Amino acid sequence: MQASGQKRKLDVGDTSGLMASTASGTGVNPYTNRPYSRRFYEILETRKRLPVWEQKDEFFEMMRKNQTMVLVGETGSGKTTQIPSFMVDTGVTRGKRMVACTQPRRVAAMSVSKRVAEEMDVELGEEVGYTIRFEDMTGTKTILKYMTDGMLLREARCHAQTARPPGLAMADPLLERYAAVILDEAHERTLSTDILFGAAEEAPGSSRPRETRDHARLCRPARPHQGGRHPAARPQARGHVRHTRRGQVPGRLHPVEIFYTPEPERDYLEAATRTACRGARTRPCHVHLCEGEGDILVFLTGEQEIEDACRKTKQEVDNLGDQVPDVLVLPLYSTLPMDRQRQIFDPPPPPRKPGDPMGRKIIFSTNIAETSLTIDGIVYVVDPGFAKQKVYNPRIRVESLLVSPISKASAHQRAGRAGRTKPGKCFRLYTEVAYKTELMEQTYPEILRSNLGSDLVHFDFMDPPAPETLMRALELLNYLGALDDEGALTELGSMMAELPAGHCPQAKMLLYSPQLSCSNEILSVVSMLNTPNPFMRPREAAKAADEAKARFQHVDGDHLTLLNESASWCYDNFLNARSMKSADSIRAQLMRVMNRFGLELKSPDFNSKEYYTNIRKCLLAGFFMQVAHLERTGHYLTVKDNQAVVALHPSTVLQHKPEWCVYNEFVLTSKNYIRMVSDIKGDWLIELAPHYYDLKNFPSCEAKRTLERIYLKKGRAA
DNA sequence: AATCGTAGT
């Protein structure tokens, strides 16, 4: 499924008039009452050649007959640009309500709306606009709005004013302000789109046609996700990378020839650099040495891996000497500073001497280059078949990243990156058999890999999350006071829903902070928690960066360290200025919501002993379920349910091992780590979360015995 | 004791 539309309250009777006005060319734009520009007609000719244009009448016919529909079409068929404007042409927006079209990414919402505004011959931000976080390019005249799926979901959560029956936190989610809602790129199965899909089916007036669900299921994976296993991971004799030729991807622009390895590769990282650069000594036959001009894109899984590969490749290339064309080796991942990200668009190195072939760019990238970023000039793609993907284990409440095989859809997308400038080649570092039999058709939907922190209960999901995942989500919300015992959303819960802050515990923390007189500080902490790690640590200056961070460190932990940063020192102190700026915008947004709720913004007296303790206590108002206790063995054990042995993440500023600590994140890499950790006191657990630290319902363990002593002491004092 | 996929509000 490539796209799907859901429309509501369509004015069926009288759509011919407006449709005719565009089609028959009366010369006047019905939306602006201005004569069409010359450019409009030029673009119209191109538009008419798009495949969807042929089915325009059929589309209108379907619109008359159905309340919801699913549209399927190839990339480049014109769905994203044409369907929304067809929808507007039917006249649904005459009731002053908009047509909304969602996209999974901001840059898509921005660029598509710009194109459609041109096509409809209007100013961007007037009749056609877009809304993304921190940027609203719409106005009173807007009838067609592109937006991120997350943005529409937020509107669905926060603008529904009607009373909600128990257990149905989103019973009236569907946005009366829209005449029609189009969920584009629904095949990507983002968390937001999946939830909106569920909401669409709940909507009053939705006829819930069976086809909707059946079509939707087309993009469901054929079998469960199997993290970590990869066809190439099988043991086999070491060998150089050879490829057998097979098949074609009909890209929109140029064809891409696909090559597979005849045998599985043992070490995909080594195979990837080797393929990009040179073959094994026995058969030096690889891209840089053997193929014609064009840049190379190699997909790897993470920053560390990419930096390693870059270093090794530079070395390899140096060893090759000046008999081969010059090479520019570049990394690409999201946390790379902006100016270094921009380098991927630099031209390749010039020929060594006049008449020689051009030099080459070799880019090592995470899957940021798979969908969100397009680099022209790429002719060769090396695809080892891996990506880091989120997996969720509800039993221990842990979301972690695991290197896992990609899906066929991802592989197709990666290959397509080679064909933008001229016919290209894609080298897959796995066998064709593995591709056919072991890769899933589609990436497993995000909703099945996530810790659900929001209010989604009796919901008609395409692929319902595991009962345990839902149960865990409900349990957390109940402990936080967001849902009552009947499962109904409380007032606190609806306030939490409006705070665009990571997970629920953070929202709870913010709402509680005025009671501990530290809302200013908690606002800063939460903003920073929702920002990419600001502490840069370039390999060549790792020590200097660690020293710089040490100057900010707060003795009581990582959360308080976040407060010690100042933007003006960014560069000298290895801080990512972009992260700091983004934290600032997030802070402003959260502050507006706090103000709207009438919550006081205050700070404890900086000179009082309570300054830092109040802030740390406040962390527990939200994160009381993410606490670890230091056992006599010297290891940490997470507290209460499903205890796990964990270690402090090496990035922590804590120099000592506190008896109790609260953590923001549980990460599973080389072992179980807790990251972003602060020192807390056992007494505070009882003070801030007595309902959770009720010893009657607590497994027997060291932590329990310590808490018993604290209760006893308190009882004596009282 | 030894470190972090990508989106989105």
Side-chain angles (χ1 to χ4, degrees), chain A residues 102-109 131-135 147-158 185 188-196 227 299-307 332-336 365-373 386-391 399-404 406 410 413 443 446 449-450 453-454 496-504 506-507 526-527 530-537 539 542 545-546 549 576 579 582 585-586 589-590 592-593 634-636 646-652 654-655 657 664-671 673-676:
Chain A
T102 68
Q103 298 293 320
R105 274 168 290 280
R106 298 181 189 189
V107 350
T131 306
I132 60 178
R133 190 181 193 183
F134 302 131
E135 204 182 341
M147 65 205 301
T148 46
D149 53 3
M151 193 76 207
L152 185 66
L153 182 58
R154 178 164 160 72
E155 287 185 2
R157 285 219 300 244
C158 303
E185 309 290 2
E188 285 203 25
R189 304 295 306 269
T190 64
L191 193 53
S192 299
T193 296
D194 262 29
I195 296 169
L196 286 166
F299 285 99
L300 296 178
T301 67
E303 173 176 343
Q304 190 86 60
E305 210 173 85
I306 287 169
E307 292 293 349
L332 177 62
Y333 44 87
S334 70
T335 50
L336 198 67
S365 171
T366 60
N367 45 7
I368 187 171
E370 189 178 300
T371 48
S372 4
L373 233 160
F386 284 115
K388 278 196 187 167
Q389 285 173 316
K390 191 161 77 179
V391 289
E399 240 181 34
S400 51
L401 292 169
L402 215 59
V403 173
S404 343
I406 59 170
S410 273
Q413 185 70 255
T443 306
E446 191 181 10
R449 299 184 278 120
S450 297
S454 358
M496 281 168 59
E498 292 210 34
L499 284 161
H503 290 108
C504 303
Q506 294 179 15
V526 170
S527 309
N530 285 284
T531 294
N533 178 13
F535 296 107
M536 307 210 286
R537 199 167 180 275
R539 179 179 288 270
D546 289 343
K549 185 175 174 186
N576 186 335
S579 287
S582 120
S585 325
I586 294 170
Q589 189 183 32
L590 292 171
R592 279 197 301 276
V593 181
H635 293 105
Y636 280 98
V646 294
L648 301 184
H649 194 274
S651 65
T652 189
L654 287 171
Q655 309 264 306
K657 279 184 154 184
N664 183 56
E665 208 179 5
F666 188 122
V667 286
L668 181 62
T669 49
S670 52
K671 57 177 160 177
Y673 285 113
I674 47 177
R675 191 159 60 190
M676 189 57 68

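Computed from a predicted model, the values in this text were never measured in an experiment. A, B, ... follow the sequence lines: proteins, then strands. Residue 1 opens every chain.
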For this session: May I have the distance from A:Gln589 (atom CD) to B:dG8 (atom C1'), rounded to whole angstrom?
Result: 12 Å
Exercise. Do the side-chain N or O atoms of A:Thr148 get closer than 4.0 angstrom to the phosphate oxygens (OP1, OP2) of B:dT9?
Worked result: yes
Exercise. In whole angstrom, what separates A:Ile674's CD1 from B:dA2's C1'?
Worked result: 16 Å
Problem set entry | Rounded distance (Å) that lies between atom P of B:dT3 and atom CE of A:Met676 | 17 Å
For this session: Starting from the 5' end of DNA chain B, give me the residue, A:Asp546 or A:Ile586, whose nearest nucleotide shows up first.
Result: A:Asp546
Exercise. Are side-chain heavy atoms of A:Gln103 and A:Glu185 found at a separation under 4.5 Å?
Worked result: yes
Problem set entry | Atom-to-atom span, NE2 of A:His635 to C1' of B:dA1 - whole angstrom | 11 Å
For this session: Ignoring the backbone of A:Tyr333, work out which of B:dT9, B:dT6, B:dT3 is nearest its side chain.
Result: B:dT6
Exercise. With a non-hydrogen cut-off below 4.0 angstrom, is A:Arg675 in contact with a base, only sugar-phosphate, or nothing?
Worked result: base
For this session: Report the nucleotide, chosen from B:dT9, B:dT3, B:dT6, that has the shortest atom-to-atom distance to any side-chain atom of A:Pro650.
Result: B:dT3
Problem set entry | Distance, rounded to the nearest Å, where A:Glu135 contributes CD and B:dT9 contributes C1' | 15 Å
Exercise. Touch check for A:Arg133, heavy atoms < 4.0 angstrom, all strands: base, sugar-phosphate only, or nothing?
Worked result: base
Problem set entry | Partner set under side-chain hydrogen bond (donor to acceptor under 3.5 Å, both in side chains) for A:Thr131, not counting sequence neighbours | A:Asp136
Exercise. Looking at A:Lys671, does any N or O in its side chain come under 4.0 Å of the phosphate oxygens OP1/OP2 on B:dA1?
Worked result: no
For this session: Quick one: label A:Lys657 by what it contacts on the DNA or RNA (base, sugar-phosphate, nothing), any heavy atom closer than 4.0 Å.
Result: nothing
For this session: Round to a whole Å and report the spacing from CZ of A:Arg105 to C1' of B:dT6.
Result: 8 Å
Problem set entry | A:Gln506 CD to A:Met496 CE distance, which is reported to the nearest 0.5 Å | 10.5 Å
Exercise. Taking only residues two or more places apart in sequence or in another chain, which ones pass side-chain hydrogen bond (donor to acceptor under 3.5 Å, both in side chains) with A:Arg106?
Worked result: none
For this session: Give one of base, sugar-phosphate or nothing for A:Leu191, where a contact means two heavy atoms less than 4.0 Å apart.
Result: nothing
Exercise. Does A:Lys388 use its side chain to pair, donor to acceptor, with the backbone of A:Thr366 at less than 3.5 Å?
Worked result: no
Seminar exercise, completed: Rounded to whole Å, CD of A:Gln413 lies from P of B:dA7 at a distance of 14 Å
Exercise. Across the strands shown, which category fits A:Thr301 at heavy-atom distances under 4.0 angstrom: base, sugar-phosphate, nothing?
Worked result: sugar-phosphate
Exercise. Is the shortest side-chain N/O distance from A:Thr366 to OP1 or OP2 of B:dT6 below 4.0 Å?
Worked result: yes
Seminar exercise, completed: From CD of A:Glu446 across to C1' of B:dA7 the rounded distance in Å is 7 Å
